[in-house]
Trainee: 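Just dropping this structure here.
This one's a predicted model, so the numbers in the text were calculated from it and none came from an experiment. Each chain gets a letter, A, B and so on, in the order the sequences are listed, and its residues count up from 1.
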Protein chains: 2
Amino acid sequence: MGTTQLESVPEPKYWHLRTVLSEALDSEFSVGEILPNERDLAARFGVARATLRQALEQLELEGRLQRRRGVGTTVAPPRVGVAVGTEQHAWPGAAGDVWQTADCDLAVPAASVADALESGRDEPVHTVHRSRVTHGQPVAAELLYIPQSSVPDLSGIDAPSGAARARAVLRELHRLELEGQDSAVELGSARADDAKALDRLPGAPVLVVTTRYIAAGRTAALSVATYRADTCRLTFGDSGGVEIHEDPQRRAS
Amino acid sequence: MGTTQLESVPEPKYWHLRTVLSEALDSEFSVGEILPNERDLAARFGVARATLRQALEQLELEGRLQRRRGVGTTVAPPRVGVAVGTEQHAWPGAAGDVWQTADCDLAVPAASVADALESGRDEPVHTVHRSRVTHGQPVAAELLYIPQSSVPDLSGIDAPSGAARARAVLRELHRLELEGQDSAVELGSARADDAKALDRLPGAPVLVVTTRYIAAGRTAALSVATYRADTCRLTFGDSGGVEIHEDPQRRAS
DNA sequence: TAGTGGTCTAGACCACGTG
DNA sequence: ACGTGGTCTAGACCACTAA
């Protein structure tokens, strides 16, 4: 029957470019190597710089490239697996915790946080700021919300804020019996403060992990952790991380 | 001391625009409402269309907007929570499984998949294609890899491929005793086949969930599931989903 | 100071969905 | 046929890093 459509849907240039570059990365480049600059690459492929950048953005999103202003574009190492959920639940700050406590303050949180905590919208909440570093690189920034009612006995702590105060809040939290926890993961973009902590530009893609800690039948604490999506693979489950370091999505077409 | 730097770091236009639009979405628009088209919006804000599009891309990434070619830009509903990990482990296809089996074939997989399966690089592997639909919308596409050695007794099954064959493979899988499972989540971009299944364009951001199923001390099956990052919030843990429908990241600055 | 990636512009044309 | 978002161009200037 008449017409056979050979290429009824022509591939966008940037998508084809992404594929070509991806294959070149596999075969001709090694981790850490610097690519030619964007103007040269665009000229070499005969496209506008904006089109080349669209391809590079894709590859950066997939964790294949790392771009730094003033420096250049380098081949990224495989994503690091970071454990964010284990079978045995544990309070933040428990033994083996990988987070580094930085600061603490006390304020009435945004309405969405108050609702998630099931606390009153006017109740002040302790907010502990923490950060997570793996292999010398910052991978996550966390805000940990703890209603005053969860840690009522904070008397005798003189520090009004700072790391000492943060540790005191966590210590009080451990006195409660943890009944369970659940988490959710979604895509977000780094706001200014997170971006600075993660050494990225604002708007960089991040994986937002929201964890509720349950004690005495209610939400005793809420963690909102922001992970660098370009460098991290979040692992859940019993055996402490899947052993795949090749991207399993990168399969034969 | 002389000069006080008021705005030493001027905010990029597209980032400021993102904030302005985000606040407008909160206060002046409701879910499903159609925004003015990109050319009008750009003119209204006095920027080039490309700059406006950069802001819209951010908001789409955050799940706030939905853009469809030939139609327009609409305000997206809150992300749906989809459960991807439960306390009680279960084989794919077990009672209560939310996946819809579509097809099955038998082939030697890509090297990275073979490595993750700890199967020989030349061993043929059953590949079951499944899809997941929530609230009438496709949210995920899955490839389920099952080495022949995991389901040796497939004799008497006449269908060489197709849904019937897929169900037979899953049925055989259930005869094994599941010892555990672990998962990993990372950001990826949809390839052509996934994009079509998810009703998105190639390159759309996706959350790739890789799950290993353990039986008899080895990896009996490997699942690579691709979720729409714009519409999904992946939930893990005991209580079947966090009850936050407001984005917890969207907090006061 | 030179070179990099990041931002922005003002256009053009194309693919798609709807009427 | 029309209007939408998607792709692409060829430039310009800015912010940052390192020599």
Trainee: How close or far is atom C1' of C/dT7 from atom CD of B/Glu11, stated in whole angstroms?
Mentor: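 From B/Glu11 CD to C/dT7 C1': 13 Å.
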
Trainee: Roughly, in whole Å, what's the span from CG in A/Leu201 to C1' in C/dT4?
Mentor: 13 Å

Trainee: Is there a side-chain polar atom (N or O) of A/Arg67 under 4.0 Å from OP1 or OP2 of C/dG6?
Mentor: yes

Trainee: Taking only N and O in the side chain of B/Asn37, is any of them less than 4.0 Å away from OP1 or OP2 of D/dG3?
Mentor: no

Trainee: Is the phosphate of D/dT9, meaning OP1 or OP2, less than 4.0 Å from a side-chain N or O of A/Thr51?
Mentor: yes

Trainee: D/dC8, OP1 or OP2 - any side-chain N/O from A/Tyr14 closer than 4.0 Å?
Mentor: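 So the side chain of A/Tyr14 is outside the cut-off, no N or O lying under 4.0 Å from OP1 or OP2 of D/dC8.
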
Trainee: Given atom CG of B/Leu41 and atom P of D/dT4, what is their separation to the nearest angstrom?
Mentor: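 Going from CG in B/Leu41 over to P in D/dT4 covers 11 Å.
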
Trainee: I want to check one thing: is the phosphate of D/dT4, taken as OP1 and OP2, less than 4.0 Å away from some side-chain N or O of B/Thr73?
Mentor: no

Trainee: Among D/dT7, D/dT9, D/dT17, which nucleotide has an atom closest to any side-chain atom of A/Ala50?
Mentor: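 Shortest atom-to-atom distance from the side chain points to D/dT9.
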
Trainee: Given atom CD of A/Glu38 and atom P of C/dG6, what is their separation to the nearest angstrom?
Mentor: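 Distance check: A/Glu38 CD to C/dG6 P gives 6 Å.
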
Trainee: If the cut-off is 4.0 Å, is A/Arg68 near the phosphate of D/dC16, judged by side-chain N/O to OP1 or OP2?
Mentor: no

Trainee: May I have the distance from A/Gln66 (atom CD) to C/dT4 (atom C1'), rounded to whole angstrom?
Mentor: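 Distance, rounded to whole Å: 15 Å.
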
Trainee: Taking CD from B/Gln54 and C1' from C/dC8, how many angstroms apart are they, rounded to a whole number?
Mentor: 8 Å

Trainee: Can you tell me how the ring of A/Phe236 sits relative to the ring of B/Phe236, calling it parallel under 30°, perpendicular over 60° and tilted otherwise?
Mentor: parallel

Trainee: Less than 4.0 angstrom between a side-chain N/O of B/Arg39 and OP1 or OP2 of D/dT4, yes or no?
Mentor: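 Checking D/dT4 against B/Arg39, no side-chain N or O comes under 4.0 Å of OP1 or OP2.
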
Trainee: Between P on C/dT7 and CZ on B/Arg53, what's the gap in Å once rounded to a whole number?
Mentor: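 Rounded to whole Å, this separation is 16 Å.
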
Trainee: Atom CD1 of A/Ile34 to atom P of D/dA19: distance rounded to whole Å?
Mentor: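 It is 10 Å, rounded to the nearest whole Å.
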
Trainee: If you define the side chain from C-beta out and look only at heavy atoms, does anything of A/Val185 sit under 4.5 Å from B/Arg233?
Mentor: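 Heavy-atom side-chain distance check fails, nothing below 4.5 Å.
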
Trainee: A side-chain contact here means heavy atoms from C-beta on lying under 4.5 Å apart; do B/Glu62 and B/Gln58 qualify?
Mentor: yes

Trainee: Among A/His129, A/Arg130, A/Arg132, which one satisfies side-chain hydrogen bond (donor to acceptor under 3.5 Å, both in side chains) with A/Glu142?
Mentor: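 Of A/His129, A/Arg130, A/Arg132, side-chain hydrogen bond (donor to acceptor under 3.5 Å, both in side chains) with A/Glu142 is met by A/Arg130 alone.
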
Trainee: What nucleotide among D/dT4, D/dT9, C/dC8 has an atom nearest to a side-chain atom of B/Arg69?
Mentor: D/dT4

